[in-house]
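Below is one structure; the comments refer to it alone.
Below, chains carry the letters A, B, ... as their sequence lines are ordered, and counting in each starts from 1.
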Protein chains: 2
Amino acid sequence: MSSTGVSAPPQCLLKPLDFPHKTLMGPGPSNCPPRILAACALPMLGHLHPEFIKIMDEVKEGLQYAFQTQNTWTFVISGTGHGAMEAACVNLLEPGEVALVCQNGIWGQRFADMVDRNGSVAEKLIRPMGQVFNLSEIEEGLKKYNPAILFITHGESSGATAQPLEGLGDLCHRYNCLLLVDSVAALGGVPMYMDKWGIDVLYSGSQKVLSSPPGTSPIAFSPQAREKVLNRKTKVRSYYFDAGELANYWGCDENPRRYHHTAPVSSIYALREGLARLVEMGLEASWKNNRECAEQLWTGVEKLGLELWVPNKEERNPCVTAVKVPEGVNWKDVADYAMKNYRVEISGGLGQLAGKVWRIGIMGYNATPDNIRLVLRALGEALENVRK
Amino acid sequence: MSSTGVSAPPQCLLKPLDFPHKTLMGPGPSNCPPRILAACALPMLGHLHPEFIKIMDEVKEGLQYAFQTQNTWTFVISGTGHGAMEAACVNLLEPGEVALVCQNGIWGQRFADMVDRNGSVAEKLIRPMGQVFNLSEIEEGLKKYNPAILFITHGESSGATAQPLEGLGDLCHRYNCLLLVDSVAALGGVPMYMDKWGIDVLYSGSQKVLSSPPGTSPIAFSPQAREKVLNRKTKVRSYYFDAGELANYWGCDENPRRYHHTAPVSSIYALREGLARLVEMGLEASWKNNRECAEQLWTGVEKLGLELWVPNKEERNPCVTAVKVPEGVNWKDVADYAMKNYRVEISGGLGQLAGKVWRIGIMGYNATPDNIRLVLRALGEALENVRK
């Protein structure tokens, strides 16, 4: 302790920051391409400087393209995917209002928790992880609960499903219900047409197919959702996630931008570059590439004598594949082997699927035939090894 | 529109990301040193990989040093400073509980707004911007309102004051009140002894003296504050900001870390390097350097014939100085001149001081005699020019 009573500085911070480069084939974050890492290292700008506002505007345009929407309330939450989920919840729901939550994995569970914390009511439609919902069961739910919003997950990263969304918006609107879609683990890798499909609120994350670091979450509101937010009887419970304030800061209304909070400037640079990458490639090419890599993975996994968790190919999320762990194998031994020998991340299961599946992510920059071959080789060799 | 009905990609994203390098002498974000920008560009790690957990642990140790605390609940909010403010509010206050808010600038206003949104009650002690609070008026407030917590701003970046904090913790505790301190625009540049001063919750931001990009916000809870959070009658209204969950994810309790959300990995690298910089320099040297740069600025500003907003030197925030805009001068003309000719940011006033003051920030990496000379030259030349 010094003369001014200051405690000694921690020695661990006097060592350099050093760690291995890994191939992240889990459900995200995924690796960032060099151009995105380089963007993170660009000089700082003020959060209301004209150059930064231009970047925010470009991000909005990129998101409108990625979401396939014309919604003016298209912006970015300064937090990770759970932040966008919470923003959707607290803005759309007033206390006492009902959300119908389609739960076929942990995202529905988490959204229901947020609804409860918000003083609103979460009713659930439940399917086992690995199954998707159909329109008729959802219609039954809408009739039974008369919810203000319906929550559904597009790309379930825990159950590895891709939820079909066509027709769902129209159905919800017939029951005066807004449609909220979580596309964190699907956007950019699976077709998405926010406007055509009548989605009212859509959000995603930066660290999946957009191949940017985690920390920002795109979100958009349809005119109907915006009107619901602007005509609330009670104030949004969160200042940080208040969509009206955020929309203003992001230049989505007619008023001059007000200082709401300081945006994560470097992370927005990175997101801009992630969107630029998607724009250069083209959405359709990105969807196609993700699909082809997923098919390559599925074929390879089956060749190894393994089974996929989601039996119906059309219901699989091409961005996150779940592979059943065979009898007598400890999932972690395999994941550890792949990490130790190949520096490749293969993840375990989440929630009820912990220990039962491996999860392999195919996202954006990492969606290449090379990477699929690498992960298959690591998985195959690891299996042989742990079975010895 | 293509055959699959996808709209055309936005052309603005096909141009490179390009903007000038500026010297950010406003109230933050401040410039990041090359080592921190380089850290932002390091390869991605998974949010629960052992290498990343080690980095989180190092960040915790660095924060305990910067805060001068032994509190085990010391971690980082995955959001900007307003996120930490909201986290403090929603965790410490149950619906109906009273917060006594010391308001001498916009931070008190914003905290009171959050209290209100949380269903709690904000009572206020108000001082004009540029003045600080004394213990006797705070004691009157504690007697009158019997609050559960007291909110006060350490370094007011809007009114440019530094609030004396010695004795305040003891006073609050005599009235069974927890002390919450916002040190976003002071930490690292002004002495801080969280434990010695009896502060119960302290938070800051990454983009000020820590010289990292905005997007993360350090926070710590005293054992008393932790107990209040753990013994709440109602669930914290926010999942994203739930301190119990965050403390677990940050390894601050005895349980295995659970996946709560995906930390902003690259921003945590940067924060680690910002703390490493502080550790290498030493806290006392950092405080002293900031003070000396501030004195240099104050002397220089007065030599230009300008007046400081806070008359009493001891009450000035060495991290943010407010300079009165003289009669007949438009603040923005001066700021624009400095930006155009020197690429130096000089900010305007916030709230009631909009148009009345310039604000000059001196923070971390930017706290150098060179930078002070540059900002003084830009200011002096701009004044001459706009008065012509």
>> Can you tell me which of Phe52(B), Tyr193(B), Tyr240(B), Phe241(B) forms the most heavy-atom pairs within a distance under 4.5 Å of chain A?
In response: Tyr240(B)
>> One pair to check against side chain to side chain contact (heavy atoms under 4.5 Å, CB included): Gln207(A) and Val265(B). What are the steps and the verdict?
In response: CA-CA 10 Å; Gln207(A) 77 275 21; Val265(B) 175; over 6 Å; no
> Which bit of Glu273(B) is near chain A, if near means a heavy-atom gap under 4.5 Å: side chain, backbone, both or neither?
Replying inline: side chain
> Taking every heavy-atom pair that is under 4.5 Å apart, which of Ala41(B), Ser266(B), Gly46(B), Pro16(B) has the most such pairs with chain A?
Replying inline: Ala41(B)
>> Looking only at side-chain N and O atoms, does His49(A) offer a donor or acceptor that is under 3.5 Å from a partner on Glu345(B)?
In response: yes
> Using non-hydrogen atoms only, which part of Ile77(B) is less than 4.5 Å away from chain A: side chain, backbone, both, or neither?
Replying inline: neither
> Do you know which of Cys40(B), Gly83(B), Cys12(B) has the most heavy-atom pairs under 4.5 Å to chain A?
Replying inline: Cys12(B)
>> Heavy-atom cut-off 4.5 Å, strictly under: side chain, backbone, both or neither for Ser30(B) against chain A?
In response: backbone
>> So for Ala263(B), is it side chain, backbone, both, or neither that comes closer than 4.5 Å to the heavy atoms of chain A?
In response: backbone
>> Would you compute the distance between atom CZ of Arg272(B) and atom CG of Leu17(A) and round it to the nearest 0.5 angstrom?
In response: 5.0 Å
> Once you round to the nearest 0.5 Å, how far does OH of Tyr239(A) lie from CE of Met114(B)?
Replying inline: 6.0 Å
>> What's the separation between atom CZ in Arg117(B) and atom CG in Asp242(A), rounded to the nearest 0.5 Å?
In response: 4.5 Å
> Looking at side-chain heavy atoms only, is the closest gap between Phe19(B) and Tyr269(A) below 4.5 Å?
Replying inline: yes
>> Shorter than 4.5 Å, heavy atoms on both sides: which option in Leu283(B), Leu275(B), Val236(B) has the most such pairs with chain A?
In response: Val236(B)
> Ser238(B), Pro213(B), Gly79(B): which one forms the most heavy-atom pairs within less than 4.5 Å of chain A?
Replying inline: Ser238(B)
> Contact part of Lys54(B) toward chain A, heavy-atom cut-off under 4.5 Å: side chain, backbone, both or neither?
Replying inline: neither
>> Please give me the minimum heavy-atom distance between Thr80(A) and His261(B), naming the atom from each residue.
In response: OG1-CD2, 3.3 Å
> Does the ring of Tyr259(B) carry Arg110(A) above it, NZ/CZ under 6.0 angstrom from centre and within 45° of its axis?
Replying inline: yes
>> To check you understand the geometry: which heavy-atom pair defines the closest contact between His260(B) and His82(A), and what is its length?
In response: O-CE1, 3.3 Å
> Between CG of Leu14(B) and CD of Glu58(A), what distance do you get to the nearest 0.5 Å?
Replying inline: 10.0 Å
> Most heavy-atom pairs under 4.5 angstrom with chain A, which of Ala276(B), Pro10(B), Gly215(B)?
Replying inline: Pro10(B)
>> Under 4.5 Å from any heavy atom of chain A, what part of Met85(B) do you find: side chain, backbone, both or neither?
In response: neither
>> Working note: Lys22(A) + Glu51(B), criterion salt bridge (Lys or Arg N to Asp or Glu O under 4.0 Å); need CA distance, chi angles, decisive distance, verdict.
In response: CA-CA 11 Å; Lys22(A) 303 173 175 184; Glu51(B) 298 88 351; 2.6 Å; yes
